[in-house]
**Student:** 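What follows is a single structure, and I will ask about it in a moment.
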Amino acid sequence: MRRLLSVPVLLLLTVGLSVPSQAQPTGFTAFSFLQVEPSARAASLGGAFSAMYGDDVNGLFYNPALLNEQTHRQLSLSYLNHLSDVNMGFVAYGHHVEALGTTVGGGLRFLGWGDLEGADALGNRTGSFRASDLALTLTGARAYTDQLRYGASVHLIRSAIDDVQAVAVAADLGVVYLVPAQALTLSASVHNLGVTLSNLGETDDVLPVDVRVSVTKRLQNLPLRLSVLGYDLTDPGSDLPEATAADNVLNHVAVGGEFLFSEAFQVRLGYNHRRHEALATKSRLDLAGLGIGFGLRLARVRVDYGYNSWSSLGGLHQFTLGTTI
C-alpha cells in the first residue's frame, strides 16, 4: 500500500466497525462494514430484526425471506452519522412479480471515510487520501407454503483504501416461518457466504460469515412486539477477554421491543450485550449497547429514527425515510 493509515484512523477502523451489533470476535477486516445496521428501525431494536415480517423492505438485509408482497414498490433511504467524519448511506427497494409469485429487491450500502491523513513506514506524512466501502445486493424471495417462505441474496462487495481495494462476492440464504394466529414469526438465516477475489494487503480479508436465528412475537394483551435474535452462531464461546459464561451466551443475543401505540406511531427500545461489554466504561453507569428510537407514518411516507449509545465514544444517529413509488 502506497500510504499507511495514521494511528488514530487505524484505531477508528478497528474499534469503530468491529463492535457493531453483529460484530464477530475475529475483529476488523475490509468487509466489517457489512455488520453495520442498514436501517434506523433495526438499529433502535439492537439489531433484533431478522424476524420482523411485514412491509419494511429493509428486511432483505437481515433475512432475504422477509421480502414479500407487502414490500411491493417500497423504497427506503437511510443515513447514519457514524463516529468522526464517517458517514454511511443505505438504499433498499422491493418489487413483487405476480406472474412468478416472487418478490425481488435490491439494496446498496455505502460508507465514506472522508479525508484521511497518510504516512509512510517511517511516519512521514504523505498527504491526504480517501477510503470507501460499497455493497450491491440483489434479493429474491417466495412462499413455499402459506406459512413458510424462503429467499436468497447475492452481494458484490468492494472496500477501497487509496489505490488498493478488496473485492468479494457473497450470498445470504434464509427461511421464515409464520404463525399468524399467534402473531409469531420464526427466522433462520446464514449471511456472507462467499469468496474474496482480492485483498487490501498481504493478509486475507475474510468475509464476516454469520448464522442467525430469531423469533418475534406480538403480545396478546399489550401493544408490544418483542424480538430476540441469536447471532454470530458460527463461533460461540470465543468472545471478549475475561468474559464470564453468562457473557459468552449474552454476547450472541440481541433483544428489542416495539411499542405499537398506533399504526402511525411506534417507540422502540433495544439492547446488545456484546456492544455494551466492548464499549462500556466500568467506572460508572453506562448506556453503551442501548438503542432507542421511534417511527412515524404520514400517509405514504415512513420516517424512522434510531440512536445507539457508544459510551464515551459518543452516540450514533440514524434516519430512515421510506415511501411507496
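Source: prediction; values computed, not measured.
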**Student:** Report yes if some heavy atom in the side chain of L108 is under 4.5 Å from a heavy atom in the side chain of T137; otherwise report no.
**Tutor:**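 Counting from C-beta outward, L108 and T137 never come under 4.5 Å.
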**Student:** Please report the shortest heavy-atom distance between S214 and V228, naming the atom on each side.
**Tutor:**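 Here S214 and V228 meet closest at OG-O, 2.9 Å.
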**Student:** Which atom names give the shortest non-hydrogen contact between G46 and N272, and what distance separates them?
**Tutor:**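 Shortest heavy-atom contact: O-ND2, 3.9 Å.
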**Student:** Quick one: OG1 on T139 to NE2 on H95, what's the gap to the nearest 0.5 Å?
**Tutor:**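 T139 OG1 to H95 NE2: 14.5 Å, rounded to 0.5 Å.
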**Student:** With a 4.5 Å cut-off on side-chain heavy atoms, are V179 and Y177 touching?
**Tutor:**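 Touching, per the 4.5 Å side-chain cut-off.
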**Student:** H252 vs Y231 aromatic rings, parallel, tilted or perpendicular, using cut-offs 30° and 60°?
**Tutor:**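 H252 vs Y231 ring planes: tilted.
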**Student:** Would you please test F31 and N192 for side-chain contact (heavy atoms from CB on, under 4.5 Å) and show each step?
**Tutor:** CA-CA 10 Å; F31 308 118; N192 302 319; over 6 Å; no
**Student:** List the atom of Y62, the atom of A42, and the distance in Å for their closest heavy-atom pair.
**Tutor:**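 So the minimum-distance heavy-atom pair works out to OH-CB, 3.0 Å.
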**Student:** With R274 as reference, evaluate V253, L250, D232 under the side-chain contact (heavy atoms from CB on, under 4.5 Å) test and give the passing residue.
**Tutor:**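 Exactly one option meets the side-chain contact (heavy atoms from CB on, under 4.5 Å) with R274, and it is D232.
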**Student:** Mind listing the closest non-hydrogen atom pair of Y93 and V57 along with its distance?
**Tutor:**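 What the structure gives for the nearest pair is C-CG2, 3.5 Å.
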**Student:** Would you please test I161 and W113 for side-chain contact (heavy atoms from CB on, under 4.5 Å) and show each step?
**Tutor:** CA-CA 9 Å; I161 298 178; W113 293 99; 5.9 Å; no
**Student:** Can you tell me how far CD1 of I157 sits from CG of L34, rounded to the nearest 0.5 angstrom?
**Tutor:**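 If I round to the nearest 0.5 Å, the distance is 4.5 Å.
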**Student:** Taking the side chain as everything from C-beta on, heavy atoms only, tell me whether Y53 gets closer than 4.5 Å to N68.
**Tutor:**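 Side-chain contact under 4.5 Å: yes.
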**Student:** Going through the distances and angles, do R142 and Y150 end up as a side-chain contact (heavy atoms from CB on, under 4.5 Å)?
**Tutor:** CA-CA 6 Å; R142 61 183 300 157; Y150 62 95; 3.1 Å; yes
**Student:** Which heavy-atom pair separates A30 from L200 by the least distance, and what is that distance?
**Tutor:**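 The answer is CB-CD1, 3.5 Å.
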**Student:** Answer yes or no: is there a side-chain heavy-atom contact under 4.5 Å between N63 and R212?
**Tutor:**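 Side-chain contact under 4.5 Å: no.
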**Student:** Would H191 and S189 satisfy side chain to side chain donor-acceptor pair (under 3.5 Å), going step by step from the backbone distance to the final call?
**Tutor:** CA-CA 7 Å; H191 299 260; S189 57; 2.7 Å; yes
**Student:** Between L66 and L60, does a side-chain contact (heavy atoms from CB on, under 4.5 Å) hold up when you go through it step by step?
**Tutor:** CA-CA 6 Å; L66 291 175; L60 68 88; over 6 Å; no
**Student:** Would you indicate whether Y144, at its atom OH, is surrounded by more than 12 heavy atoms from other residues, nucleotides or ligands within a distance under 6.0 Å?
**Tutor:**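 No, OH of Y144 has 12 or fewer neighbouring heavy atoms, counting only those of other groups under 6.0 Å.
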**Student:** Do the side chains of S132 and F110 get nearer than 4.5 Å, heavy atoms only?
**Tutor:**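 Yes, their side chains come closer than 4.5 Å.
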**Student:** Could you measure the distance from the OG atom of S78 to the CZ atom of R109? Nearest 0.5 Å is fine.
**Tutor:**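 The distance works out to 12.0 Å.
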**Student:** Anything under 3.5 Å between a donor and an acceptor, one on a side chain of residues 254-263, the other on a protein residue two or more places apart or in another chain? List them.
**Tutor:**
| unit_1 | atom_1 | unit_2 | atom_2 | d |
| --- | --- | --- | --- | --- |
| E258 | OE1 | R41 | NH2 | 3.0 |
| E258 | OE1 | R225 | NH1 | 2.5 |
| E258 | OE2 | R41 | NE | 2.9 |
| E258 | OE2 | R41 | NH2 | 3.4 |
| E258 | OE2 | R268 | NE | 2.6 |
| E258 | OE2 | R268 | NH2 | 3.2 |
| S262 | OG | A264 | N | 3.1 |
| S262 | OG | F265 | N | 3.2 |

**Student:** Counting distance only, does the side-chain N/O of S76 pair as donor-acceptor with the main-chain N or O of G322 below 3.5 Å?
**Tutor:**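 A pair under 3.5 Å: no.
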**Student:** Going by atom type alone, with no hydrogens or angles, which donor-acceptor pairs under 3.5 Å involve a side-chain atom of residues 287-298 and a protein atom two or more places apart or on another chain?
**Tutor:**
| unit_1 | atom_1 | unit_2 | atom_2 | d |
| --- | --- | --- | --- | --- |
| R297 | NH1 | D55 | OD2 | 3.2 |
| R297 | NH2 | D55 | OD1 | 3.0 |
| R297 | NH2 | D55 | OD2 | 3.2 |

**Student:** What is the minimum heavy-atom distance between T196 and A168, and which atoms define it?
**Tutor:**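 In terms of heavy atoms, the two residues are closest at CA-CB, 4.0 Å.
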**Student:** Ignoring hydrogens and geometry, is there a side-chain-to-backbone donor-acceptor pair from N251 to V249 under 3.5 Å?
**Tutor:**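 Pair absent, no side-chain N/O of N251 close to backbone of V249.
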